[in-house]
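See structure below.
Letters go in sequence order (proteins before strands), and every chain restarts at 1. Keep in mind that this is a model prediction, so the values were computed, not measured. Just the heavy atoms: all of them, side chains too, but no hydrogens, waters or symmetry mates, feed the values below.
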Amino acid sequence: MSKTSITYLEAIRLAQQKALAEDPRVFIYGQDIGGFGGAFKATKNLAKEFPGRVLDAPISEDAMVGLAIGAAVEGMRPIVEMQFADFSTCGFNQIVNQAATLHYRTGTPCPIVVRLPSGGTPGSGPFHSQSMEAIYAHYPGIVVMTPATVEDAYTMLLEAVALDDPVIFCEHKFLYYHLKAEKLPGEALPFGKARITRPGRDATVVAYGAMVHEAVAAAEELSHDGYDIEVVDLRTVRPIDTDTILASVARTGRLLVVGESWPWGGVAAEVISRVATEGFGLLDAPPQRLNAKETPVPYHPALWGTHRPTASSVANSLRQLLEL
Amino acid sequence: MSKTSITYLEAIRLAQQKALAEDPRVFIYGQDIGGFGGAFKATKNLAKEFPGRVLDAPISEDAMVGLAIGAAVEGMRPIVEMQFADFSTCGFNQIVNQAATLHYRTGTPCPIVVRLPSGGTPGSGPFHSQSMEAIYAHYPGIVVMTPATVEDAYTMLLEAVALDDPVIFCEHKFLYYHLKAEKLPGEALPFGKARITRPGRDATVVAYGAMVHEAVAAAEELSHDGYDIEVVDLRTVRPIDTDTILASVARTGRLLVVGESWPWGGVAAEVISRVATEGFGLLDAPPQRLNAKETPVPYHPALWGTHRPTASSVANSLRQLLEL
Amino acid sequence: MTKSSTAAPEAKGAKGGKKKTAPSAPKGKGTVGTPGATVSKELARRAYRSMLEARLLEEKLAALYRSGKIVGGVFLGRGQEALSVALGVHLRRGDVYAPLIRDQAGRLAFGDTILDTLRTYLGSSLGSMRGRDGNIHRGRPSEGYHAMISHLGAMVSTVCGGLMAKRFRGETGAVGATCIGEGGTSTGSFHEGMNMAAVEKLPLVVVVANNQFSYSTPNDRQFACGDLMARAEGYGVTGRRAVGNDLVDCLAVLGEAVAAARAGKGPQLVVADLLRLVGHGEHDDASYIPSALKKSPLGRDCLEIARESLLEHEWLTAKEAADWHAAVEKEVEETASKVLREPAPDPSEEDWNAFSALGRNGEEAR
Amino acid sequence: MTKSSTAAPEAKGAKGGKKKTAPSAPKGKGTVGTPGATVSKELARRAYRSMLEARLLEEKLAALYRSGKIVGGVFLGRGQEALSVALGVHLRRGDVYAPLIRDQAGRLAFGDTILDTLRTYLGSSLGSMRGRDGNIHRGRPSEGYHAMISHLGAMVSTVCGGLMAKRFRGETGAVGATCIGEGGTSTGSFHEGMNMAAVEKLPLVVVVANNQFSYSTPNDRQFACGDLMARAEGYGVTGRRAVGNDLVDCLAVLGEAVAAARAGKGPQLVVADLLRLVGHGEHDDASYIPSALKKSPLGRDCLEIARESLLEHEWLTAKEAADWHAAVEKEVEETASKVLREPAPDPSEEDWNAFSALGRNGEEAR
Ligand SMILES: Cc1ncc(C[n+]2csc(CCOP(=O)(O)OP(=O)(O)O)c2C)c(N)n1
Ligand SMILES: Cc1ncc(C[n+]2csc(CCOP(=O)(O)OP(=O)(O)O)c2C)c(N)n1
Ligand SMILES: [Mg+2]
Ligand SMILES: [Mg+2]
């Protein structure tokens, strides 16, 4: 990696910088995001660079989202930073009952972006590790993005700001510092399009966010056994790019869906449900899913490492799938 | 129906009366539930009958649930009435982050019941019609009940109070007055067990809550065409009685799941995902789902009647399924 | 209006002296008002007209509900028109207004119409909500007229957002306004919104209509401070008190509040005691409201008090009052007949799409 | 302690006179205190001991964090021990206590141990949280010691619930207590919980530790009332002020507050100004805190002030102070070495079951 390489976190910062620079309607609102630059430094220096447009909020998630909605109605393009995805539960009502319904009810669009630093990291425990994509994706009217790469973190955040609908932007904390790219992309996949991260022909793994990397590592592992695994990165989980998934399953005949969140009603359940209903005939074996274990996200790194799917548990699931 | 017949709503009232009478640890907390007897009269006369144990709450859903949790920790068995399921979004954080995690984190059980008057009725609109079972069922640690009959409304509410885990009790407003029974049951199905409401051999419809009755009506309609449709009533959606569903699909080979809530990550998605992964070989045709349309619940009765699945749309889906 | 019913001083968190509950008997002619606020004949007439429209329109809504033409809840503002209209009538184009349940009068004063109200309640496809939402959940957000969601307290921060947008764009002189019942002050949303408005020193006016009950729940089960004016100091905002069923007092106090907000003096909390003279909704007989309270000064009908005031001030003649009544009644009746013949929304024509940007079936990426 | 630093009067919503920020220089011997509250030698010694334990334990936690032994956040209470301990030491078995982030001292005074703190931070399978949750998120709820969730404000209503349970059972004399930072008062949960406690007139003590910053956010971006004591009147609860870094004052004021709650006088809100002498967490250098503030009386270390007070009162000798320091240091070191050798939780032994009643795999109905 060169010294000038860009992290996933920096890509998010740069996307916000670009959005602020290019669109006077954009402002950012969140706790400690001003002079301090945010708990993760995703807004570092932005308050200085864009005076009065990167504002510290009180500890009031409900009102933070409410403020964003009201500003969006008046033509602004607010970005709200939740300090952790887990605290968005306190802004839940405004998101699902006001932002999600506004356009349907009144015809007025609600272009807000709510950034959710999501997902587990070691030692973060039950309240600083959650993945809430399935909760928000249940509600019609909300777009839910889950970028897995530095490039996507950048382009999709810009896309989110440009979109006329409320966007829940699940940026993955585990990827913040680990993931790096040499430069920012000029181009992006179209909105809502999944990516074939790794082509293959023996089985399809559908994943998103941090799980894409576990899936790729598992695929590498299985390549030593002669298997050729395709990895599909959903990129957005609402909408879901069913066509790309079905086309992949048509090629491979086997499907494993991996989600970092809990199974009940999660992304994996939704993807499997779509493939079972729309692509039943494409399946050579029962589709499978692998999710987090059914408890709150545990604190101790050893428990956490078992709670979430990993390259090795994905590889195990794949081996089982290939034998079905 | 005899004059003395018992409505679904009255069954809920009687279950609470019995719980209060038999267990001094039980109390009820909610807006307007005291002297007024509740917005739907589900606690009518109970404040008078049990002085000091049926208490009016301020308009503070978060604190209402928090209070229940704290009381449960100290050994009580609180029942919280939300005025409408839709307002539980304001108590969401306490439910999913405190109640759901308490036992796992600390070993202390959290036996609270949160009653959610749920589901659509004509003219109720986006904020008085919601079905939130999928949202709560996503979280490990929460039991979600969705009674479809007068008898179940009664026995399951008592079961909920007896259970050591937090229970989200989705009582269906559409059934409140329409549904009647001659008497209350002495016995109940075991906790978490689904019911074969109507046996059949050509296809299985899995439903819950108000949708059970739409499914039964659709099955009746199809019986005129010579089809014999099995209807499975889930009763609780977390846990889901996968065994009963699989056994039914083993008999019929065809599956339709009906949910009044939105499709993305809903009960139908979860059921189909389970059957596809665990009972793939039992299916003679792709499993199908039928849910509400992908908008907020509309106000006008004509829109509402199309938004939700009905006997006729279930029948249509079944006809399509039978031809697959 | 006598001087003794003068609004609270503008000092932050002003105590507002003793509670003002008894409607003052208005006296004198021409413009009246408290220092810093005046009530003109013109304003009072406009306000009274909107009150009258609201009253007669709501009577029609109740009748339509009883005859089964309106399906769903009907929540009326009878008895609260004076306070409601006093806010609406002081607002102007470019302001942001999020009325609540009992604000039919304020809505009409702000520019909503009898026609759109009826269309929304009856679910006409020609109404602003096109049958998708109904009754009090209506508005035209893009015109600064927010469509409340049911969750109480939620609109406070939303209005803040509208005001922030104007601040970002350098627009000055606009105010934001919303109402809430005393019960709604118990919500976390209300608290967060008030605190945020205070931190940002936004030109926000929040009117608390303390009608002594939240649905059936009396105030002693809702809050313990006795007087919600005491909350103003805790937020660091200006508190003012109005006599809730006295139009002239409400106009004066809201006039001051709106003017102070417009002048950059930060959020204004107005608290007024009153009584709703009707059930929580039309399904409710309000039998929990003690008749002694109904017979107290709080229970006096604000519309009657307003009419008397205007007559006494010679701002309105008895003939005009009667003519207005007849004209409004006619308009309401004619509009209702018209709307009853309008098309209901057609489910097969709906796009069933909650997304704005993604188009019909656009949710699926193709 | 001089009389001028006397706690606020007990009147509801008392203004508490002028802000008390400068630590008072304690004087005299024997028992001291404000009217209605006394601070005994015994109590002061116990409190000081817990402060010392908290301080030295937290220094060890910071060292373990720096050496990578503790994974995840470490949030310390340095500079806030006096206020924290003053609450914890006034509580007793049967009370309900929900400490927050910076309450290591109060926790130890209430009965938590150095051992369990280290076990929880280090994720030992022998700790009360068994590695499932960590650091400040620990407790033994069934013993009245709640395990906070991260979401600020949430514990206020939870403690109310514990008190309601006691009321239902006819148990009297217990109090409930929780702490919150000034930033946490902006949450809807805090508001709803305070209001609910006031409506139910619960024996609840809520201590607001106003350390001038919520993470990096200064108070002028958090609230606008200048003085959070002003909130007491709006809730209809008793407000009191303590000098946050003066142990003797904190003990006196909290003593009064807890006694008043125990005596059935309803919720008590205690507000104290202070400064955290450490980052928000150990990852944070707190460079946003102006050094002028750090050098102001607010920045004086409460542990030093406490030691001086106790020496001056002759409640503690210099020799004892040194002995205690050495003993605590030894206990912390020994305990840490012991815990570092304890078994981590074994994922394969976990039942991975969030349900209480449903048993292993019990979620699936069979
Ligand atoms: C968050 C929330 N909880 C519950 C309700 C149900 N609800 C609707 S109106 C009402 C009473 C409101 O009382 P108040 O605020 O005093 O207004 P009023 O009806 O007296 O005008 C309640 C509890 C709601 N709309 N929002
Ligand atoms: C509802 C919620 N939002 C955000 C956070 C993240 N957070 C943790 S501590 C903190 C600052 C708290 O400030 P304050 O209440 O003043 O306490 P202090 O840290 O100063 O002791 C924040 C924003 C949280 N814990 N809960
Ligand atoms: Mg009211
Ligand atoms: Mg602080």
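Interface check for chain A: of the options D:Pro345, D:Gly183, D:Gly153, the most heavy-atom pairs under 4.5 Å are formed by D:Pro345. Chosen from D:Ser287, D:Ala354, D:Gly131, D:Gly123, the residue pairing most often with chain A at heavy-atom distances under 4.5 Å is D:Gly131. Heavy-atom pairs under 4.5 Å with chain A peak, among D:Tyr121, D:Phe223, D:Phe190, at D:Tyr121. The candidate with the highest count of non-hydrogen atom pairs below 4.5 Å against chain D, out of A:Gly35, A:Gly305, A:Ala39, A:Gly125, is A:Ala39. The residue among A:Ser124, A:Ala302, A:Pro126 with the most heavy atom pairs within less than 4.5 Å of chain D is A:Pro126. Ranked by heavy-atom pairs under 4.5 Å with chain D, the first of A:Ile33, A:Asp62, A:Asp86 is A:Asp86.
For D:Tyr288, the part sitting under 4.5 Å from any heavy atom of chain A is the side chain, from C-beta outward, and nothing else. Heavy atoms of A:Pro122 lying under 4.5 Å from chain D belong to its backbone as well as its side chain. In this structure, no portion of A:Ala63 lies under 4.5 Å from any heavy atom of chain D. For A:Asp56, the parts lying under 4.5 angstrom from a heavy atom of chain D are both the backbone and the side chain. Neither the backbone nor the side chain of A:Glu61 comes within contact range of chain D; no heavy atoms are under 4.5 Å apart. When heavy atoms are compared at a cutoff of 4.5 Å, A:His307 approaches chain D by way of both its backbone and its side chain. With a 4.5 angstrom heavy-atom cutoff, A:Thr89 touches chain D only via side-chain atoms. Both the backbone and the side chain of D:Ile149 come within contact range of chain A, with heavy atoms under 4.5 Å apart. For D:Ser189, no part lies near chain A; criterion is any non-hydrogen pair under 4.5 Å. If you measure heavy-atom distances from D:Asp284 to chain A, the contacts under 4.5 Å come from the side chain alone. Within the 4.5 angstrom heavy-atom criterion, only backbone atoms of D:Leu122 (N, CA, C, O) approach chain A. In this structure, no portion of D:His283 lies under 4.5 Å from any heavy atom of chain A.
A 6.0 Å sphere centred on NZ of A:Lys41 holds more than 12 heavy atoms belonging to other residues, nucleotides or ligands. A:Lys48 NZ: 12 or fewer foreign heavy atoms inside a 6.0 Å radius.
Between the D:Ser186 side chain and the A:Ser60 main chain, no donor and acceptor come within less than 3.5 Å of each other. Put simply, the side chain of A:Tyr299 never gets that close to the backbone of D:Arg130: no donor and acceptor are under 3.5 Å apart. Looking only at distances, a side-chain donor or acceptor of D:Gln222 sits under 3.5 Å from a matching main-chain atom of A:Ile59.
Note that CG of D:Asn353 is 12.5 Å distant from NZ of A:Lys293, once rounded to the nearest 0.5 Å. With values rounded to the nearest 0.5 angstrom, D:Glu350 atom CD is found 9.0 Å from A:Thr306 atom OG1. Rounding to the nearest 0.5 Å gives a distance of 7.0 Å between OG of D:Ser214 and CD of A:Gln31. In this structure, the separation between CG on D:Leu152 and CZ on A:Phe87 is 6.5 Å, given to the nearest 0.5 Å.
Across all their heavy atoms, A:His128 and D:Ser150 have their closest contact at CE1-OG, 3.0 Å. When all heavy atoms are compared, the tightest approach of A:Leu303 to D:Pro347 is CD2-CA, 3.9 Å.
Below 30°, between 30° and 60°, or above 60°: for D:His137 and A:Phe127 the angle between ring planes is between 30° and 60°, a tilted geometry.
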